[in-house]
Trainee: 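Sending over a structure as C-alpha coordinates; questions will come in a sec.
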Number of protein chains: 2
Amino acid sequence: MARNKHPEQTVQLILDTAAKLFLQKGYDKTTLQDIIDATHLSKGAIYHHFASKEAILIAVADRMGEHNTAILAEIRDRKGLTGAEKLREMCRSAVLLSFQGGIVHMLPFLIENPRFMALQMQSILEEAAPHYALPILREGIADGSIHADYPEQLAEVLLLLSDLWLHPVLRPSTPEQVRARCDFYNQFTRQYGFELLDEDIIDAIVALCRT
Amino acid sequence: MARNKHPEQTVQLILDTAAKLFLQKGYDKTTLQDIIDATHLSKGAIYHHFASKEAILIAVADRMGEHNTAILAEIRDRKGLTGAEKLREMCRSAVLLSFQGGIVHMLPFLIENPRFMALQMQSILEEAAPHYALPILREGIADGSIHADYPEQLAEVLLLLSDLWLHPVLRPSTPEQVRARCDFYNQFTRQYGFELLDEDIIDAIVALCRT
DNA sequence: AGATACAGACCGGCGGTCTGTATTATTTTA
DNA sequence: TAAAATAATACAGACCGCCGGTCTGTATCT
(Lines give C-alpha, C1' and ligand atoms only; values in the text may rest on other atoms or scores of the structure.)
Protein backbone atom coordinates (compact mmCIF):
# COMPACT_ATOMS: atom_id res chain seq x y z
CA MET A 1 0.00 0.00 0.00
CA ALA A 2 1.37 3.39 -0.90
CA ARG A 3 0.34 6.85 -1.91
CA ASN A 4 -3.04 6.70 -0.26
CA LYS A 5 -5.40 9.16 -1.91
CA HIS A 6 -6.96 10.23 1.36
CA PRO A 7 -4.14 10.66 3.90
CA GLU A 8 -6.45 12.77 6.09
CA GLN A 9 -8.37 9.61 6.82
CA THR A 10 -5.17 8.04 8.07
CA VAL A 11 -4.58 11.05 10.31
CA GLN A 12 -8.11 10.80 11.66
CA LEU A 13 -7.67 7.07 12.24
CA ILE A 14 -4.51 7.69 14.21
CA LEU A 15 -6.16 10.47 16.20
CA ASP A 16 -9.31 8.48 16.97
CA THR A 17 -7.36 5.38 17.93
CA ALA A 18 -4.84 7.30 20.02
CA ALA A 19 -7.59 9.21 21.84
CA LYS A 20 -9.32 5.95 22.69
CA LEU A 21 -6.12 4.31 23.88
CA PHE A 22 -4.92 7.34 25.86
CA LEU A 23 -8.31 7.33 27.52
CA GLN A 24 -8.23 3.64 28.34
CA LYS A 25 -4.64 3.23 29.46
CA GLY A 26 -3.28 6.73 29.89
CA TYR A 27 -0.68 8.42 27.72
CA ASP A 28 2.44 7.00 29.31
CA LYS A 29 1.24 3.43 29.28
CA THR A 30 0.06 3.62 25.70
CA THR A 31 2.96 2.58 23.48
CA LEU A 32 3.37 3.26 19.81
CA GLN A 33 3.13 -0.48 19.33
CA ASP A 34 -0.38 -0.32 20.79
CA ILE A 35 -1.36 2.31 18.24
CA ILE A 36 0.29 0.32 15.47
CA ASP A 37 -1.57 -2.84 16.46
CA ALA A 38 -4.92 -1.06 16.77
CA THR A 39 -4.65 0.87 13.51
CA HIS A 40 -2.85 -1.84 11.50
CA LEU A 41 -0.56 0.88 10.28
CA SER A 42 3.21 0.85 10.32
CA LYS A 43 5.55 2.90 12.44
CA GLY A 44 6.60 4.77 9.34
CA ALA A 45 3.01 5.74 8.55
CA ILE A 46 2.48 7.24 11.98
CA TYR A 47 5.78 9.07 12.03
CA HIS A 48 5.06 10.34 8.55
CA HIS A 49 2.03 12.23 9.85
CA PHE A 50 3.23 13.07 13.36
CA ALA A 51 6.66 14.19 14.49
CA SER A 52 6.47 12.37 17.81
CA LYS A 53 4.18 10.58 20.22
CA GLU A 54 3.72 13.84 22.08
CA ALA A 55 2.56 15.53 18.86
CA ILE A 56 -0.28 13.00 18.71
CA LEU A 57 -1.22 13.87 22.29
CA ILE A 58 -1.29 17.57 21.51
CA ALA A 59 -3.38 17.03 18.39
CA VAL A 60 -5.88 15.00 20.42
CA ALA A 61 -6.01 17.73 23.05
CA ASP A 62 -6.52 20.41 20.42
CA ARG A 63 -9.49 18.64 18.91
CA MET A 64 -11.15 18.40 22.30
CA GLY A 65 -10.37 22.00 23.13
CA GLU A 66 -11.88 23.25 19.87
CA HIS A 67 -15.05 21.34 20.57
CA ASN A 68 -15.43 22.91 23.98
CA THR A 69 -14.57 26.37 22.76
CA ALA A 70 -17.18 26.22 20.00
CA ILE A 71 -19.90 25.47 22.51
CA LEU A 72 -18.79 28.22 24.89
CA ALA A 73 -18.69 30.73 22.05
CA GLU A 74 -22.16 29.78 20.86
CA ILE A 75 -23.65 30.46 24.29
CA ARG A 76 -21.69 33.65 24.77
CA ASP A 77 -23.07 35.07 21.52
CA ARG A 78 -26.65 33.96 22.04
CA LYS A 79 -29.20 36.83 22.10
CA GLY A 80 -32.02 37.67 24.47
CA LEU A 81 -30.53 36.23 27.66
CA THR A 82 -29.24 37.99 30.74
CA GLY A 83 -25.71 37.37 31.89
CA ALA A 84 -26.90 35.19 34.73
CA GLU A 85 -29.01 33.13 32.34
CA LYS A 86 -26.08 32.65 29.99
CA LEU A 87 -23.97 31.44 32.87
CA ARG A 88 -26.66 28.95 33.75
CA GLU A 89 -26.82 27.80 30.13
CA MET A 90 -23.05 27.43 30.02
CA CYS A 91 -23.17 25.33 33.12
CA ARG A 92 -26.04 23.24 31.78
CA SER A 93 -24.23 22.61 28.50
CA ALA A 94 -21.02 21.69 30.27
CA VAL A 95 -22.83 19.14 32.39
CA LEU A 96 -24.84 17.64 29.52
CA LEU A 97 -21.77 17.59 27.31
CA SER A 98 -19.86 15.80 29.99
CA PHE A 99 -22.63 13.34 30.36
CA GLN A 100 -23.44 12.58 26.73
CA GLY A 101 -20.08 13.12 25.11
CA GLY A 102 -18.17 11.00 27.54
CA ILE A 103 -15.95 13.88 28.53
CA VAL A 104 -16.48 12.93 32.13
CA HIS A 105 -14.68 9.71 31.41
CA MET A 106 -11.85 11.67 29.96
CA LEU A 107 -11.34 13.83 33.00
CA PRO A 108 -9.36 11.26 34.98
CA PHE A 109 -7.18 10.86 31.94
CA LEU A 110 -6.78 14.61 31.61
CA ILE A 111 -5.88 15.08 35.23
CA GLU A 112 -3.60 12.10 35.40
CA ASN A 113 -1.71 13.45 32.46
CA PRO A 114 0.63 16.29 33.34
CA ARG A 115 0.71 17.85 29.92
CA PHE A 116 -3.05 17.82 29.61
CA MET A 117 -3.44 19.11 33.13
CA ALA A 118 -1.18 22.04 32.36
CA LEU A 119 -3.00 22.67 29.09
CA GLN A 120 -6.37 22.50 30.79
CA MET A 121 -5.34 24.87 33.58
CA GLN A 122 -3.81 27.21 31.07
CA SER A 123 -6.92 27.11 28.87
CA ILE A 124 -9.12 27.87 31.87
CA LEU A 125 -7.00 30.73 33.15
CA GLU A 126 -5.95 32.20 29.81
CA GLU A 127 -8.81 31.26 27.49
CA ALA A 128 -12.07 30.26 29.13
CA ALA A 129 -11.95 32.72 32.03
CA PRO A 130 -10.95 35.94 30.21
CA HIS A 131 -12.62 35.23 26.85
CA TYR A 132 -15.85 33.49 27.82
CA ALA A 133 -16.79 33.57 31.51
CA LEU A 134 -15.56 37.13 32.08
CA PRO A 135 -17.50 38.77 29.19
CA ILE A 136 -20.64 37.00 30.36
CA LEU A 137 -20.06 38.19 33.90
CA ARG A 138 -19.61 41.74 32.64
CA GLU A 139 -22.82 41.40 30.65
CA GLY A 140 -24.57 40.25 33.78
CA ILE A 141 -23.17 43.20 35.72
CA ALA A 142 -24.33 45.56 32.96
CA ASP A 143 -27.84 44.14 32.80
CA GLY A 144 -28.10 44.01 36.59
CA SER A 145 -28.46 40.24 36.89
CA ILE A 146 -25.04 39.93 38.55
CA HIS A 147 -23.17 42.23 40.91
CA ALA A 148 -19.53 41.31 41.50
CA ASP A 149 -16.66 43.53 42.65
CA TYR A 150 -13.94 41.27 41.23
CA PRO A 151 -15.35 39.63 38.10
CA GLU A 152 -11.88 38.45 36.98
CA GLN A 153 -11.39 36.42 40.13
CA LEU A 154 -14.98 35.25 40.18
CA ALA A 155 -14.68 33.90 36.63
CA GLU A 156 -11.62 31.88 37.57
CA VAL A 157 -13.18 30.56 40.73
CA LEU A 158 -16.35 29.52 38.94
CA LEU A 159 -14.45 27.63 36.29
CA LEU A 160 -11.89 26.06 38.60
CA LEU A 161 -14.51 24.90 41.05
CA SER A 162 -16.90 23.59 38.42
CA ASP A 163 -14.01 21.72 36.94
CA LEU A 164 -13.00 20.27 40.25
CA TRP A 165 -16.31 19.01 41.51
CA LEU A 166 -17.22 17.63 38.13
CA HIS A 167 -14.37 15.22 38.48
CA PRO A 168 -15.91 11.96 39.64
CA VAL A 169 -12.67 10.07 40.06
CA LEU A 170 -10.89 12.48 42.33
CA ARG A 171 -14.13 13.10 44.15
CA PRO A 172 -16.22 9.97 44.45
CA SER A 173 -19.31 11.16 46.26
CA THR A 174 -22.71 10.08 47.45
CA PRO A 175 -25.76 11.84 45.97
CA GLU A 176 -26.22 13.66 49.28
CA GLN A 177 -22.68 15.03 49.16
CA VAL A 178 -23.17 16.12 45.58
CA ARG A 179 -26.38 17.95 46.47
CA ALA A 180 -24.68 19.61 49.43
CA ARG A 181 -21.93 20.80 47.12
CA CYS A 182 -24.47 22.17 44.68
CA ASP A 183 -26.21 23.98 47.54
CA PHE A 184 -22.93 25.46 48.64
CA TYR A 185 -22.21 26.51 45.10
CA ASN A 186 -25.58 28.24 44.82
CA GLN A 187 -25.03 29.92 48.17
CA PHE A 188 -21.69 31.13 46.86
CA THR A 189 -23.09 32.60 43.68
CA ARG A 190 -26.17 34.00 45.42
CA GLN A 191 -24.07 36.73 47.00
CA TYR A 192 -23.43 37.91 43.44
CA GLY A 193 -27.14 38.08 42.74
CA PHE A 194 -27.75 34.87 40.85
CA GLU A 195 -28.14 31.14 41.28
CA LEU A 196 -25.99 29.08 38.97
CA LEU A 197 -27.64 25.70 39.35
CA ASP A 198 -31.33 24.99 38.89
CA GLU A 199 -32.99 21.74 39.93
CA ASP A 200 -32.62 20.10 36.53
CA ILE A 201 -28.89 20.65 36.38
CA ILE A 202 -28.45 19.42 39.91
CA ASP A 203 -30.34 16.23 39.04
CA ALA A 204 -28.14 15.76 35.99
CA ILE A 205 -24.99 16.23 38.07
CA VAL A 206 -26.19 13.75 40.65
CA ALA A 207 -26.94 11.20 37.93
CA LEU A 208 -23.55 11.89 36.40
CA CYS A 209 -21.65 11.31 39.60
CA ARG A 210 -23.34 7.98 40.15
CA THR A 211 -21.81 6.43 37.03
CA MET B 1 32.57 -2.14 49.46
CA ALA B 2 30.03 -4.42 51.09
CA ARG B 3 27.92 -4.83 54.18
CA ASN B 4 27.78 -1.17 55.06
CA LYS B 5 27.09 -0.79 58.77
CA HIS B 6 24.71 2.15 58.26
CA PRO B 7 22.46 1.30 55.33
CA GLU B 8 19.95 3.96 56.46
CA GLN B 9 22.48 6.58 55.44
CA THR B 10 22.48 5.08 51.97
CA VAL B 11 18.69 5.28 51.88
CA GLN B 12 18.80 8.90 52.97
CA LEU B 13 21.44 9.66 50.36
CA ILE B 14 19.26 8.17 47.65
CA LEU B 15 16.20 10.04 48.90
CA ASP B 16 17.97 13.38 49.19
CA THR B 17 19.61 13.04 45.80
CA ALA B 18 16.44 11.84 44.09
CA ALA B 19 14.39 14.67 45.61
CA LYS B 20 16.89 17.20 44.35
CA LEU B 21 16.99 15.70 40.87
CA PHE B 22 13.21 15.25 40.61
CA LEU B 23 12.93 18.90 41.56
CA GLN B 24 15.48 20.07 39.01
CA LYS B 25 14.53 17.95 36.04
CA GLY B 26 11.20 16.37 36.84
CA TYR B 27 10.53 12.72 37.59
CA ASP B 28 10.24 11.44 34.04
CA LYS B 29 13.40 13.13 32.83
CA THR B 30 15.43 11.97 35.80
CA THR B 31 16.98 8.63 34.90
CA LEU B 32 18.34 6.05 37.26
CA GLN B 33 21.71 6.73 35.70
CA ASP B 34 21.41 10.34 36.92
CA ILE B 35 20.84 9.09 40.46
CA ILE B 36 23.69 6.61 40.12
CA ASP B 37 26.07 9.31 38.90
CA ALA B 38 25.06 11.77 41.60
CA THR B 39 25.25 9.29 44.49
CA HIS B 40 28.24 7.28 43.21
CA LEU B 41 26.26 4.18 44.09
CA SER B 42 25.58 1.21 41.85
CA LYS B 43 22.30 0.16 40.31
CA GLY B 44 22.29 -2.84 42.60
CA ALA B 45 22.59 -0.64 45.67
CA ILE B 46 19.58 1.44 44.70
CA TYR B 47 17.45 -1.54 43.74
CA HIS B 48 18.44 -3.23 46.97
CA HIS B 49 16.73 -0.47 48.96
CA PHE B 50 13.91 0.43 46.56
CA ALA B 51 11.75 -1.87 44.50
CA SER B 52 11.45 0.56 41.61
CA LYS B 53 12.00 4.11 40.50
CA GLU B 54 8.42 4.86 41.40
CA ALA B 55 9.02 3.60 44.94
CA ILE B 56 11.68 6.29 45.32
CA LEU B 57 9.17 8.90 44.16
CA ILE B 58 6.59 7.74 46.67
CA ALA B 59 9.13 7.73 49.48
CA VAL B 60 10.12 11.29 48.61
CA ALA B 61 6.46 12.34 48.54
CA ASP B 62 5.81 10.70 51.89
CA ARG B 63 8.63 12.59 53.56
CA MET B 64 7.26 15.88 52.29
CA GLY B 65 3.72 15.01 53.30
CA GLU B 66 4.79 14.16 56.83
CA HIS B 67 6.53 17.48 57.16
CA ASN B 68 3.44 19.40 56.09
CA THR B 69 1.13 17.35 58.27
CA ALA B 70 3.26 17.96 61.34
CA ILE B 71 3.00 21.70 60.89
CA LEU B 72 -0.76 21.59 60.33
CA ALA B 73 -1.25 19.44 63.42
CA GLU B 74 0.83 21.78 65.57
CA ILE B 75 -1.33 24.75 64.66
CA ARG B 76 -4.56 22.80 65.05
CA ASP B 77 -3.62 21.83 68.61
CA ARG B 78 -2.34 25.24 69.67
CA LYS B 79 -4.20 26.73 72.63
CA GLY B 80 -5.66 30.17 73.22
CA LEU B 81 -6.60 31.03 69.64
CA THR B 82 -9.99 31.36 68.03
CA GLY B 83 -10.78 29.26 64.99
CA ALA B 84 -10.41 32.24 62.70
CA GLU B 85 -7.02 33.04 64.21
CA LYS B 86 -5.86 29.46 63.75
CA LEU B 87 -6.89 29.59 60.10
CA ARG B 88 -4.88 32.76 59.72
CA GLU B 89 -1.89 31.10 61.38
CA MET B 90 -2.24 28.07 59.14
CA CYS B 91 -2.25 30.30 56.13
CA ARG B 92 0.70 32.33 57.38
CA SER B 93 2.72 29.17 58.04
CA ALA B 94 1.89 27.76 54.65
CA VAL B 95 3.09 30.90 52.95
CA LEU B 96 6.26 31.24 55.02
CA LEU B 97 7.00 27.55 54.64
CA SER B 98 6.60 27.84 50.92
CA PHE B 99 8.89 30.80 50.88
CA GLN B 100 11.67 29.64 53.17
CA GLY B 101 11.57 25.91 52.62
CA GLY B 102 11.59 26.11 48.87
CA ILE B 103 8.31 24.28 48.62
CA VAL B 104 7.18 26.86 46.12
CA HIS B 105 9.88 25.64 43.82
CA MET B 106 8.58 22.14 44.24
CA LEU B 107 5.04 22.99 43.23
CA PRO B 108 5.66 22.98 39.51
CA PHE B 109 7.28 19.62 39.96
CA LEU B 110 4.36 18.39 42.01
CA ILE B 111 1.78 19.59 39.54
CA GLU B 112 3.67 18.43 36.50
CA ASN B 113 3.84 15.00 38.00
CA PRO B 114 0.61 13.08 37.71
CA ARG B 115 1.23 10.80 40.63
CA PHE B 116 2.11 13.67 42.93
CA MET B 117 -0.82 15.68 41.68
CA ALA B 118 -3.19 12.84 42.48
CA LEU B 119 -1.54 12.36 45.88
CA GLN B 120 -1.76 16.06 46.62
CA MET B 121 -5.42 16.31 45.63
CA GLN B 122 -6.19 13.21 47.58
CA SER B 123 -4.35 14.48 50.62
CA ILE B 124 -6.21 17.78 50.47
CA LEU B 125 -9.64 16.21 50.07
CA GLU B 126 -9.17 13.20 52.33
CA GLU B 127 -6.59 14.41 54.85
CA ALA B 128 -6.08 18.13 55.11
CA ALA B 129 -9.70 19.17 54.64
CA PRO B 130 -11.48 16.71 56.98
CA HIS B 131 -8.72 16.34 59.60
CA TYR B 132 -7.24 19.82 59.82
CA ALA B 133 -9.19 22.61 58.13
CA LEU B 134 -12.62 21.24 59.07
CA PRO B 135 -11.97 20.88 62.84
CA ILE B 136 -10.61 24.41 62.91
CA LEU B 137 -13.64 25.68 61.04
CA ARG B 138 -15.90 23.92 63.54
CA GLU B 139 -13.89 25.46 66.39
CA GLY B 140 -14.40 28.84 64.80
CA ILE B 141 -18.12 28.20 64.47
CA ALA B 142 -18.25 27.13 68.12
CA ASP B 143 -16.35 30.16 69.41
CA GLY B 144 -18.31 32.51 67.14
CA SER B 145 -15.39 33.71 65.05
CA ILE B 146 -16.73 31.95 61.95
CA HIS B 147 -20.27 31.29 60.75
CA ALA B 148 -20.54 28.86 57.83
CA ASP B 149 -23.50 26.75 56.79
CA TYR B 150 -21.40 24.21 54.87
CA PRO B 151 -18.06 23.94 56.66
CA GLU B 152 -17.13 20.78 54.72
CA GLN B 153 -17.34 22.54 51.39
CA LEU B 154 -15.76 25.69 52.74
CA ALA B 155 -12.75 23.74 54.01
CA GLU B 156 -12.21 22.20 50.60
CA VAL B 157 -12.61 25.48 48.79
CA LEU B 158 -10.18 27.25 51.12
CA LEU B 159 -7.53 24.60 50.61
CA LEU B 160 -8.02 24.14 46.90
CA LEU B 161 -7.97 27.84 46.22
CA SER B 162 -5.02 28.56 48.46
CA ASP B 163 -3.21 25.77 46.72
CA LEU B 164 -4.03 27.13 43.32
CA TRP B 165 -3.12 30.74 43.74
CA LEU B 166 0.04 29.86 45.57
CA HIS B 167 1.27 28.27 42.42
CA PRO B 168 3.50 30.78 40.71
CA VAL B 169 4.20 28.76 37.62
CA LEU B 170 0.63 28.07 36.55
CA ARG B 171 -0.31 31.57 37.57
CA PRO B 172 2.43 34.05 36.79
CA SER B 173 1.03 37.31 38.05
CA THR B 174 1.87 40.93 38.59
CA PRO B 175 1.86 42.26 42.17
CA GLU B 176 -1.40 44.10 41.40
CA GLN B 177 -3.09 40.90 40.28
CA VAL B 178 -1.88 39.10 43.36
CA ARG B 179 -3.25 41.82 45.63
CA ALA B 180 -6.56 41.76 43.79
CA ARG B 181 -6.75 38.02 44.34
CA CYS B 182 -5.99 38.45 48.02
CA ASP B 183 -8.73 41.09 48.25
CA PHE B 184 -11.16 38.76 46.57
CA TYR B 185 -10.16 36.01 48.91
CA ASN B 186 -10.75 38.21 51.94
CA GLN B 187 -14.09 39.31 50.55
CA PHE B 188 -14.96 35.67 50.11
CA THR B 189 -14.10 34.70 53.66
CA ARG B 190 -15.63 37.88 55.12
CA GLN B 191 -19.10 36.50 54.49
CA TYR B 192 -18.16 33.77 56.97
CA GLY B 193 -17.22 36.34 59.55
CA PHE B 194 -13.45 36.45 59.28
CA GLU B 195 -10.62 37.72 57.14
CA LEU B 196 -8.07 35.12 56.20
CA LEU B 197 -5.26 37.35 55.01
CA ASP B 198 -3.72 40.19 56.97
CA GLU B 199 -1.37 42.76 55.48
CA ASP B 200 1.79 40.89 56.43
CA ILE B 201 0.72 37.69 54.73
CA ILE B 202 -0.35 39.56 51.63
CA ASP B 203 3.06 41.23 51.45
CA ALA B 204 4.73 37.85 51.82
CA ILE B 205 2.60 36.37 49.04
CA VAL B 206 3.39 39.26 46.75
CA ALA B 207 7.10 38.87 47.43
CA LEU B 208 6.78 35.15 46.87
CA CYS B 209 5.10 35.51 43.51
CA ARG B 210 7.81 37.82 42.30
CA THR B 211 10.56 35.19 42.54
C1' DA C 1 11.61 13.14 -12.12
C1' DG C 2 10.17 14.36 -7.99
C1' DA C 3 7.01 14.38 -4.23
C1' DT C 4 4.01 11.63 -1.34
C1' DA C 5 2.60 7.79 1.64
C1' DC C 6 3.90 4.51 3.58
C1' DA C 7 6.90 -0.18 5.33
C1' DG C 8 9.98 -2.03 8.57
C1' DA C 9 14.90 -2.89 10.01
C1' DC C 10 17.64 -0.66 13.19
C1' DC C 11 19.48 2.14 17.30
C1' DG C 12 20.53 4.20 21.85
C1' DG C 13 18.74 4.48 26.22
C1' DC C 14 15.59 3.37 29.73
C1' DG C 15 13.68 0.71 33.83
C1' DG C 16 14.29 -3.54 35.74
C1' DT C 17 16.48 -8.35 36.61
C1' DC C 18 19.92 -11.55 37.80
C1' DT C 19 24.08 -13.40 39.18
C1' DG C 20 28.20 -12.70 41.70
C1' DT C 21 30.97 -11.15 45.85
C1' DA C 22 32.66 -9.22 50.07
C1' DT C 23 31.48 -8.47 54.68
C1' DT C 24 28.91 -9.23 58.87
C1' DA C 25 25.68 -11.85 61.88
C1' DT C 26 24.04 -16.12 63.55
C1' DT C 27 24.00 -20.77 64.38
C1' DT C 28 26.18 -25.15 64.86
C1' DT C 29 29.50 -28.08 66.35
C1' DA C 30 33.85 -29.94 69.01
C1' DT D 1 33.49 -21.43 74.76
C1' DA D 2 35.95 -20.93 70.62
C1' DA D 3 36.21 -22.08 66.05
C1' DA D 4 33.86 -23.43 61.97
C1' DA D 5 29.85 -23.46 59.04
C1' DT D 6 25.95 -21.18 57.38
C1' DA D 7 22.97 -17.59 56.46
C1' DA D 8 21.82 -12.96 55.68
C1' DT D 9 23.05 -8.31 54.28
C1' DA D 10 24.77 -4.65 51.21
C1' DC D 11 26.11 -3.92 47.51
C1' DA D 12 28.46 -4.33 42.15
C1' DG D 13 27.62 -4.54 37.40
C1' DA D 14 26.65 -7.41 33.20
C1' DC D 15 22.56 -8.28 30.94
C1' DC D 16 17.63 -8.07 28.95
C1' DG D 17 13.38 -6.56 26.74
C1' DC D 18 11.01 -2.75 25.31
C1' DC D 19 10.18 1.95 24.02
C1' DG D 20 10.43 6.25 21.34
C1' DG D 21 12.62 7.70 17.46
C1' DT D 22 15.51 7.38 12.99
C1' DC D 23 16.73 5.93 8.55
C1' DT D 24 16.62 3.65 4.35
C1' DG D 25 13.88 1.50 0.95
C1' DT D 26 9.75 1.22 -2.17
C1' DA D 27 5.41 1.73 -4.50
C1' DT D 28 2.30 5.08 -6.26
C1' DC D 29 0.82 9.42 -7.57
C1' DT D 30 1.48 14.22 -9.91
Trainee: Mind checking whether B:Q12 and B:R63 have side chains closer than 4.5 Å, heavy atoms only?
Mentor: yes
Trainee: Check for me whether A:K53 meets the cation-pi criterion with A:Y27, that is, NZ or CZ under 6.0 Å from the six-membered ring centre and within 45 degrees of the ring axis.
Mentor: yes
Trainee: Please report the distance, rounded to the nearest Å, between CG in B:D37 and C1' in D:dA12.
Mentor: 15 Å
Trainee: If only side-chain N and O atoms of A:N4 are considered, is one of them under 4.0 Å from the OP1 or OP2 phosphate oxygen of C:dA5?
Mentor: no
Trainee: When you measure from the side chain of A:K53, which nucleotide among D:dC11, C:dA7, D:dG21 comes out closest?
Mentor: D:dG21
Trainee: Given A:M90, which partner from the list A:L72, A:L196, A:I71 fulfils the side-chain contact (heavy atoms from CB on, under 4.5 Å) test?
Mentor: A:L72
Trainee: Name the residue closer to the 5' end of DNA chain D, choosing between A:G44 and A:T31 according to the nucleotide with the nearest heavy atom.
Mentor: A:T31
Trainee: Nearest whole angstrom, please: distance from the P of C:dC6 to the NE2 of A:H40.
Mentor: 15 Å
Trainee: Grab the NZ-C1' distance between B:K29 and D:dG20 for me, whole Å please.
Mentor: 14 Å
Trainee: In whole angstroms, how far is the P atom of C:dC6 from the CG atom of A:L13?
Mentor: 10 Å
Trainee: Rounded to the Å, how far apart are B:H48 NE2 and C:dT21 P?
Mentor: 18 Å
Trainee: Can you tell me the distance, in whole Å, between the CD1 atom of A:I56 and the C1' atom of D:dG21?
Mentor: 12 Å
Trainee: Have a look at B:I46 and say if it touches a base, only the backbone sugar-phosphate, or nothing, with a 4.0 Å heavy-atom cut-off.
Mentor: nothing
Trainee: When you check the phosphate oxygens OP1 and OP2 of D:dG20, does a side-chain N or O of A:S52 lie under 4.0 Å from one of them?
Mentor: no
Trainee: Would you indicate whether B:K20, at its atom NZ, is surrounded by more than 12 heavy atoms from other residues, nucleotides or ligands within a distance under 6.0 Å?
Mentor: no
Trainee: Measure from CZ on A:F50 to P on D:dT22 and round the result to the nearest Å.
Mentor: 15 Å
Trainee: Should the side chain of A:K43 and the base of D:dG20 be counted as holding a donor-acceptor pair, with the cut-off at 3.5 Å?
Mentor: yes
Trainee: Compare the minimum distances between each of D:dA12, C:dT17, D:dG20 and the side chain of A:Y47, then state the nucleotide with the smallest one.
Mentor: D:dG20
Trainee: Could you tell me how far apart B:H6 (NE2) and C:dT24 (P) are, to the nearest whole angstrom?
Mentor: 12 Å
Trainee: Counting C-beta onward and ignoring hydrogens, is there a side-chain heavy-atom pair between A:I205 and A:L197 closer than 4.5 Å?
Mentor: yes
Trainee: Does A:H49 have a side-chain nitrogen or oxygen under 4.0 Å from the phosphate oxygens OP1 or OP2 of C:dC6?
Mentor: yes
